[in-house]
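Reviewing the structure listed below.
The chains referred to below are lettered A, B, ... by the order of the sequence lines, with proteins before strands, and numbering in each begins at 1.
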Amino acid sequence: MNHDKMTNISAKRGFLWPSFEIYSGVSGFTDYGPLGASLKNNIMQKWRKQYVSGEGFYEIEGPTVMPKEVLKASGHVDNFTDPMTKCKSCGEVYRADHIIEEAIGQDVESLENSEMDKIVAENNIKCPECGGDLAKIWDYNLMFKTEIGAKGNKVGYMRPETAQGIFILFKRLERFFRGKLPFGAVQLGKAYRNEISPRQGVIRLREFTQAEAEIFLDPEDKTTPKFSQIENETLRLNSQEVQEKDLEPLEITAREALDKGIVANEMLIYQLYLARKFLNEIGIPNEALRFRQHLAGEMAHYALDCWDVEVNTDKYGWVEIIGIADRGDYDLSSHSKFSNEELYVFKEYDEPKKVKKTIVKPNLSKFGPVFKGDSPKVKQAIEEADPEEIISALENDGKYVIELDNTYEVEEELLLIEEVEEDVTGEKIIPHVIEPSFGIDRIVYSVLLHSFTETEGKDYFKFAKSVAPVQVGVYPLVKKDGLPEIATELKDTLREAGFKVEYDEGNTIGKRYARADEIGIPIAVTVDYETKDDNMVTVRDRDTEAQERIAISDLKEYLENYYK
RNA sequence: GCAGCUGUGGUAUAGUCUGGUUAUUACUUGGGCCUUCCAAGCCUACAACCCGGGUUCGAAUCCCGGCAGCUGCACCA
């Protein structure tokens, strides 16, 4: 682990570059250079392989611009904010709650803006810089705001997370998956947060890439058949208790974590395991990883349980790269409420249940004469009322009183009370959601950091084969006597076979190996004089530097095997 | 966002305090020579004073503003 050297080489060799550099840059944005973009794509492809092919989830792709309504429902419009104020004379901008805290030493975090305005007035709080008056407090929302359409009266925001795009498709997805829980949908893409002052390079961006899966499941059944396959895996858990009491992390099996109630349910544990498996396979070792449970106060109010996967870094300490939360039914309930759409799955019982219930109906032949023109609305009121309430009212007072524009007294003889038995085949349930949420940029950084290897002879990216941006280097031993021609032809053949191949003929062979190692090309193929006689080439391994002779005719198969 | 420090070819740097030649050096990179397996050597070329304004006969150098980076504080649903 060596952040400084790693970033240096990553910039030099085209992985990560600061954005808008020729205009002196803007913090919170980053460019992926040729190798960086390729590395990132490989990581995202690997992610798809695990979650889409491996778990049977499906990928969707929604807009990055969202109308205000969606983010109102998700809570981002109201809660994803900081209170700000501004000095009227010098124009300096402050966090309002901080300036108050500083002045009167009182925690005002949960107060409304109007209340804070009052405190500012009562305590005569002024600008700390120039002593000027402070303006009315407003909310600084961390979302990028925009307008939809030419009239500009439709407010939109850049999405602050990809998850909402999945939740709002729930009705469609539920039909697509034919109503059977559990099912999962994923989305990979950009999300945006207008951070006040991002630093830490690619760790905190204003525009970043997420890969999120939303797994919808039965609130009563958060088991998964996959659990039995992984129950003996050991996990390194920094539970709430471990953090509160400052203990060593737990090293326990998935089974124990479940039985002791440290992780809430099977699916959640399975997702922790899956996240770690993914990271291992792209080159981040277990020693550099840990699971950290959100503390009670830190957990979003709707989350039932939430674990971060953190990676160890020399520069930033332990950094969150994945969050895995049981969000309960919060999102679907909230969107249901705001959109007036029922977002549910119909859960059929194994056996239909016979349910006895009492129903109360108006006796229409007697209704008309009594209520005359008002009878339709009285009838409707009876039908909408709770039968239990009507019966108890009749028992207690001998009548049921309805308050509409007039008061109506309904006596028992105007009603028909029946006991009926109904077949109930199931019920509507709002699924719970377990959400693994990956910060792709941070993961790319982690892969770079943990693949970066320093040895006596060389410093290089020891990429896992599945993510290496260049797969094969092809070189003529020297630049004459027809060797470049053979090597060039070989390069073209391998490219046509689908490999990512680089060709290099300058300088000495040693220098070219060194250059290839630096960007983590796993395999080097060298054409030499003997090739002209025996049609074989030298295949060199990046890490061991071991060489073997392979026939050109077998090379494609050899590489396919290697990268399988 | 606040405070302090910093900004010279792709990278690392000298020069800045005390304004004045063609802005130093090494590596890297491109081309050439050489080269029969791990950054060798030789020739050659490309290439920089963060941006904007001010002071001055003259600014990389002094002053102001901006941008970015680093460190600490704050923020990070």
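- Comparing B/U61 with B/A77, their C1' atoms are spaced 48 Å from each other, to the whole Å.
- B/U8 and B/C76 have their C1' atoms separated by 36 Å, given to the nearest Å.
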Distances under 3.5 Å between nitrogen or oxygen atoms of protein and nucleotides 66-74 of chain B:
residue : atom : partner : partner atom : Å
B/C67   : O2'  : A/S24   : O            : 3.1
B/C67   : O2'  : A/S24   : OG           : 3.2
B/C67   : O2'  : A/G25   : O            : 3.3
B/A68   : OP1  : A/S27   : N            : 3.4
B/A68   : O4'  : A/S24   : O            : 3.2
B/U71   : OP1  : A/K315  : NZ           : 3.3
B/U71   : O4   : A/R199  : NH1          : 3.0
B/U71   : O4   : A/R199  : NH2          : 3.4
B/G72   : O6   : A/R199  : NH2          : 2.5
B/C73   : N4   : A/R199  : NH2          : 3.2
B/A74   : O2'  : A/H98   : ND1          : 3.1

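- Rounded to whole Å, the separation between the C1' atoms of B/C34 and B/U44 comes to 15 Å.
- Remark: A/F170 pairs with A/F216 by the ring-ring contact (aromatic ring centres under 6.0 Å, His included) rule, at least two apart or across chains.
- In this entry the distance linking CD1 of A/I519 with C1' of B/A39 reads 15 Å, nearest Å.
- Summarising the geometry, the separation between CH2 on A/W17 and P on B/U11 is reported as 12 Å, rounded to the nearest angstrom.
- For A/K222, the salt bridge (Lys or Arg N to Asp or Glu O under 4.0 Å) test picks out A/D326, with sequence neighbours left out.
- Separation of the C1' atoms belonging to B/U21 and B/G15 is 14 Å when rounded to the nearest angstrom.
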Could I get a table of every N or O pair under 3.5 Å where one atom is in the protein and the other is in nucleotides 43-45 of chain B?
none

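- Under 4.0 Å is where a charged nitrogen must lie from a carboxylate oxygen, and between A/D308 and A/R292 at least one such pair does.
- Mapped onto RNA chain B by nearest heavy atom, A/E161 and A/R549 fall at different nucleotides, with A/R549 at the one closer to the 5' end.
- Distance A/I521 CD1 to B/A39 P: 16 Å, rounded to the nearest Å.
- By the ring-ring contact (aromatic ring centres under 6.0 Å, His included) test, A/Y529 is found to be paired with no residue, residues two or more places apart in sequence or in another chain being considered.
- Residues A/P476 and A/D504 approach most closely at CD-O, 3.5 Å, considering heavy atoms.
- Residue pairs meeting the salt bridge (Lys or Arg N to Asp or Glu O under 4.0 Å) criterion with at least one partner in residues 438-452 of chain A, sequence neighbours excluded, are A/K40-A/D441.
- Look at B/A59: it lacks any Watson-Crick or wobble partner with both distances under 3.5 angstrom.
- Using a 4.0 Å heavy-atom cutoff across all strands shown, A/E195 reaches no nucleic acid atom at all.
- Applying the 3.5 Å distance criterion, the base of B/C38 shares a donor-acceptor pair with the side chain of A/R540.
- With sequence neighbours left out, the side-chain contact (heavy atoms from CB on, under 4.5 Å) criterion links A/T531 to A/I486, A/V527, A/D528, A/V537, A/R549, A/I552.
- B/G10 atom P lies 18 Å from atom CD of A/E518, rounded to whole Å.
- Remark: B/C27 base-pairs with B/G10. Criterion, Watson-Crick or G-U wobble with two distances under 3.5 Å.
- Distance check on atom C1': B/G20 versus B/U56 gives 12 Å, rounded to whole Å.
- The distance from atom CE of A/M6 to atom P of B/U11 is 17 Å, rounded to the nearest whole Å.
- Annotation: B/A26 and B/A14 have their C1' atoms spaced 11 Å apart (nearest Å).
- Between A/I9 atom CD1 and B/A39 atom C1' there is a gap of 13 Å when expressed in whole angstrom units.
- The salt bridge (Lys or Arg N to Asp or Glu O under 4.0 Å) pairs that include a residue from residues 469-487 of chain A number zero, where partners must be two or more places apart or lie in different chains.
- Screening residues 17-31 of chain A for side chain to side chain donor-acceptor pair (under 3.5 Å) gives A/S19-A/D31 as the qualifying pairs, with residues at least two apart or on separate chains.
- Both distances falling under 3.5 Å, in either a Watson-Crick or a G-U wobble arrangement, occur for no nucleotide opposite B/U22.
- Figure legend. B/C5 is base-paired to B/G69; pairs are counted as Watson-Crick or G-U wobble with both atom distances under 3.5 Å.
- Residue pairs meeting the salt bridge (Lys or Arg N to Asp or Glu O under 4.0 Å) criterion with at least one partner in residues 444-454 of chain A, sequence neighbours excluded, are A/K5-A/E454.
- The separation between A/N194 atom CG and B/C75 atom P is 18 Å, rounded to whole Å.
- Around atom CD of A/E241, no more than 12 heavy atoms belonging to other residues, nucleotides or ligands sit under 6.0 Å away.
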Where protein sits on nucleotides 26-36 of chain B, one letter per nucleotide: B base, S sugar-phosphate only, - none, heavy atoms under 4.0 Å: --SSS-S--BB
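- Pairing for B/A74 is absent, judged as Watson-Crick or G-U wobble with the two contacts each under 3.5 Å.
- Side-chain contact check for A/R276 versus A/L289: some heavy-atom pair is nearer than 4.5 Å.
- Here the separation of B/A23 from B/C49, taken at their C1' atoms, is 8 Å to the nearest Å.
- Nucleotides B/U28 and B/G69 are separated by 23 Å at their C1' atoms, to the nearest Å.
- Screening residues 155-167 of chain A for salt bridge (Lys or Arg N to Asp or Glu O under 4.0 Å), with sequence neighbours left out, gives A/E161-A/R327.
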